[in-house]
Structures are given as structure tokens and as C-alpha cells.
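Shown next, in C-alpha cells, is the structure this report addresses.
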Amino acid sequence: MTLETDILRSRGWRRSSRPQGQPTRGKTAANRLRSVDAFMALYDSHLLRREDGAFGGAWFVDLGYGAEPVTTLESAMRFRRINPALPVLGVEIDAARVAAAQPFTDDKTHFRLGGFNLPLHRLPDGCMESVRAIRAFNVLRQYDEAEVASAYAELAQCALPGALLIEGTSDPSGGLWVANVLRRALAAPTWRFEALVFSDRRRARVAPEAFQAVLPKNLIHRMTPGEPIHTFLQAWQDAARRTAHERVWGGRRWFVAAGQALRQLGFAVDARRRWLSRGYLVLMSLS
């Protein structure tokens, strides 16, 4: 028996069947999360492809997909270019939204009623279904900051060791977003931080202050002097001003230059062009 299967068996009967959480406003726009999907595919395509052990048949979960299942269906289309057999599960706490999504169900795409305690089923062999990755966007911003930790803990109980959680907030078009990237620990159902990602799909504004409006819930109320997120965004503003001469070559060139300047200042920015040239600023630590 693998470690993953052992963990899944041990937690199978203890999870509450009552969906944990609150309904979101449900606003959904086509392609709103396109650049989030592109980031995930670049960040860990191996995870999306894995079929070993409990990862065989493990879900990608779109948590809180909204009034229409468009983001779930778009992710299924994109990620199946990487793994044609990838199972995709859309989860909503609103029963009417789940019912409305059922016509879009197929053998690899499902929609279920659930919350942070994901609605996983027991398989004929006695094991629980497994989860390789969770995307929770525009979900936690409506909660109190103290509730974020309990939501994370609930999701960790559902995820395989090595699974990924990307949780954040975007603007209505999806052109600007910030997300926490966390990895499920191997030995215990907890998350460990891997990155804080800032994305400007247009790569044209290099205006770090604009990201404040889409900070995740655990950071939005910490924009005060002395807090690491405040220090970082202030430094980014300074770096953008110092590299503003690059703007003559276009927003992409300026975005890359500002990110590289932050790296030179000692911030834990992954300054590789594979990220910066695509409009992703990947911060591996805030401390």
C-alpha cells in the first residue's frame, strides 16, 4: 500500500458530508482564469500528467466555479492538452448551480455539490477518490481572515501528498491576479508555502499598487508599514520607477526589468524570463 493510499483510507469516514463554506456571488467570465491555467501548466505540468499510485485518476478541482461552469470546462480543455485522461471536478456550494452544470458532465468532467470539504466518493475498492490539484479563485475574499486557515486545513485533508493548491483573487477580466501557491506536505495533511504569484496578463502597466486590490485574503489587510507585503510592493514601485526607461521598448521589457531589479535588491523573485516575459512575478518568499 502506498503512503498516499494509506492516508486516503485513514481519513475516509471522518469527513463531514455537509458542505463547508458560503455561496459566492457567482460572477463568471469566459477566459477569466486563462492565465492562471497557463501558469499552472508551466509551474508543474508533471503533476497534471501523473498517473502513478493514487495519482491515477486523481482530480483537478475547480472550487467555487460560479453561476456557470465555464471556468471548469475551459480548464478541462486546456489541461487535457497535457493529459488527455485528466479527470476534472467542478465544485459549488450552491445546489442550483450544480444542477445547471449537469448537462456539461461527461466521463471525465463532473460537477458536485460541496465546499472546502471536497465531495469525494468512495471507490469500489474501498479507497477514497483523490485530488492532485485545487484551484480556488475569488472564493476566500468574502471570508474573515481568521477563517482562511480553517479552509486551508479542510482542503489539505482532501489532497494527495504533493498536491498543489493555488488560491487567489483576480479582477473581473482576469487580466490582473495574485495567488498563493501551496504544496501538500508529504508526511501530514498540511500545506507549505511555495510562491506568491502576481500576474499582469497585459504586461503593460508595471504599476504594483494596482495589485493591492486583488491580494489574497491573508494579505489584503496587511498593507501597513512594517508588514512584508507592504515592504515588497513599495520596493516594486521603486524598481518600476528606476527601470521606467525600459518602457520605450514596451510593457513586457519593463516588467522583466523591474522584476530583475527586485531580485538584485535581495527579494526572492524567480527572475527567469520564462516567468517575467509572460507577465508572472513569482515571489518565493515574503520574509
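Less than 6.0 angstrom separates the ring centroid of His110 from the ring centroid of Trp59. Ring pair Phe211/Trp236: centre-to-centre distance below 6.0 Å. A distance of 6.0 Å or more separates the ring centres of Phe255 and Phe198.
Take Glu51 and apply the side-chain hydrogen bond (donor to acceptor under 3.5 Å, both in side chains) test, not counting sequence neighbours, and it matches Asn83. Listed by chain and number, the residues in a side-chain hydrogen bond (donor to acceptor under 3.5 Å, both in side chains) with Tyr43 are Glu194 (sequence neighbours excluded). Under the side-chain hydrogen bond (donor to acceptor under 3.5 Å, both in side chains) criterion, Glu145 pairs with Arg222, not counting sequence neighbours. Contacts of Thr231 classified as side-chain hydrogen bond (donor to acceptor under 3.5 Å, both in side chains), with partners at least two apart in sequence or in another chain: none.
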*Passes side-chain contact (heavy atoms from CB on, under 4.5 Å), Leu63 versus Leu118? Steps please.*
CA-CA 8 Å; Leu63 178 62; Leu118 300 180; 4.0 Å; yes
*Do Asn117 and Glu154 pass the side-chain hydrogen bond (donor to acceptor under 3.5 Å, both in side chains) test, and can you show the C-alpha distance, the side-chain angles, and the key distance before you say yes or no?*
CA-CA 5 Å; Asn117 53 334; Glu154 197 70 61; 5.1 Å; no
_For Ser170 and Asn138: C-alpha separation, side-chain torsions, deciding distance, then whether side-chain contact (heavy atoms from CB on, under 4.5 Å) applies._
CA-CA 7 Å; Ser170 73; Asn138 306 304; 3.3 Å; yes
*Tell me, with the steps shown, if Leu182 and Arg192 meet side-chain contact (heavy atoms from CB on, under 4.5 Å).*
CA-CA 5 Å; Leu182 304 111; Arg192 60 179 178 82; over 6 Å; no
*Going through the distances and angles, do Asp44 and Arg183 end up as a salt bridge (Lys or Arg N to Asp or Glu O under 4.0 Å)?*
CA-CA 11 Å; Asp44 198 344; Arg183 184 80 61 177; 2.7 Å; yes
*asked:* Apply side-chain contact (heavy atoms from CB on, under 4.5 Å) to residues Leu120 and Cys158 and explain how you reach the verdict.
replied: CA-CA 8 Å; Leu120 303 181; Cys158 305; 4.1 Å; yes
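Hydrophobic clustering, with ILVMFWY side chains joined whenever heavy atoms are under 4.5 angstrom apart, groups Leu286 together with Met223. In terms of hydrophobic clustering, with Ile, Leu, Val, Met, Phe, Trp and Tyr side chains grouped at heavy-atom distances under 4.5 Å, Leu123 and Val61 are assigned to different clusters. Cluster membership for Ile229 and Leu262, using ILVMFWY side-chain heavy atoms within less than 4.5 angstrom, is shared.
Separating the CD1 atom in Ile82 from the OG atom in Ser45 is a distance of 6.0 Å, to the nearest 0.5 Å. Atom OG of Ser277 and atom CZ of Arg272 lie 11.5 Å apart (nearest 0.5 Å). In this structure, the separation between OG1 on Thr169 and CD on Gln142 is 10.5 Å, given to the nearest 0.5 Å. Atom CG of Leu215 and atom CG of Leu233 lie 6.0 Å apart (nearest 0.5 Å). Atoms CG and CG, from Leu281 and Asp200 in turn, are 10.5 Å apart once rounded to the nearest 0.5 Å. Note: Arg112 CZ to Gln102 CD = 10.0 Å, rounded to the nearest 0.5 Å.
Side-chain contact between Arg132 and Leu86: present, with at least one pair of heavy atoms (C-beta onward) separated by less than 4.5 Å. At least one side-chain heavy atom of Arg274 sits less than 4.5 Å from a side-chain heavy atom of Leu42. Looking at heavy atoms from C-beta onward, Leu219 lies in side-chain contact with Leu196 at the 4.5 angstrom threshold. For the pair Leu33 and Ser75, the minimum side-chain heavy-atom distance is 4.5 Å or more. Contact check for Thr224 versus His230: no side-chain heavy atoms found under the 4.5 Å cut-off. Side-chain contact between Leu113 and Glu92 is absent, with no heavy-atom pair separated by less than 4.5 Å. Inter-residue side-chain proximity for Leu155 and Trp191 is flagged as met; some heavy-atom pair is nearer than 4.5 Å. Looking at heavy atoms from C-beta onward, Thr105 lies in side-chain contact with Phe111 at the 4.5 angstrom threshold.
Minimum interatomic distance between Tyr65 and Ala101 (heavy atoms only, all atoms of both residues): OH-CB, 3.6 Å. Heavy atoms only, all atoms of each residue included: Val181 and Val197 are closest at CG2-CG2, 3.8 Å. When all heavy atoms of Trp177 and Ala179 are compared, the closest pair comes out as CZ3-CB, 3.7 Å. Shortest non-hydrogen contact noted between Pro216 and Val178 is CD-CG1, 3.6 Å. In terms of heavy atoms, Ala156 sits closest to Pro189 at CB-O, 3.3 Å. Closest heavy-atom contact between Ala261 and Thr243: CB-CG2, 4.1 Å.
Asp171 places a side-chain N or O within donor-acceptor distance of the main-chain N or O of Gly174, the cut-off being under 3.5 Å. A donor-acceptor pair is defined here as one N or O able to donate and one able to accept, closer than 3.5 Å; such a pair exists between the side chain of Glu147 and the backbone of Asp144. In this structure, the side chain of Arg50 does not engage the main chain of Phe55 through any donor-acceptor pair within 3.5 Å.
For Arg241, the CZ atom counts as densely surrounded, since its 6.0 Å shell holds more than 12 non-hydrogen atoms of other residues, nucleotides or ligands.
A salt bridge is defined here as a Lys NZ or Arg NE, NH1 or NH2 lying under 4.0 Å from an Asp or Glu carboxylate O, and Glu246 with Arg252 fails to meet this definition.
Among pairs with a residue in residues 29-42, those fulfilling salt bridge (charged side-chain N to carboxylate O under 4.0 Å, His left out) read Asp37-Arg78, Asp37-Arg135, at least two apart in sequence or across chains. Applying the ring-ring contact (aromatic ring centres under 6.0 Å, His included) test to every pair with at least one member in residues 256-275, sequence neighbours left out, gives these pairs: Phe39-Trp275, Phe232-Phe267.
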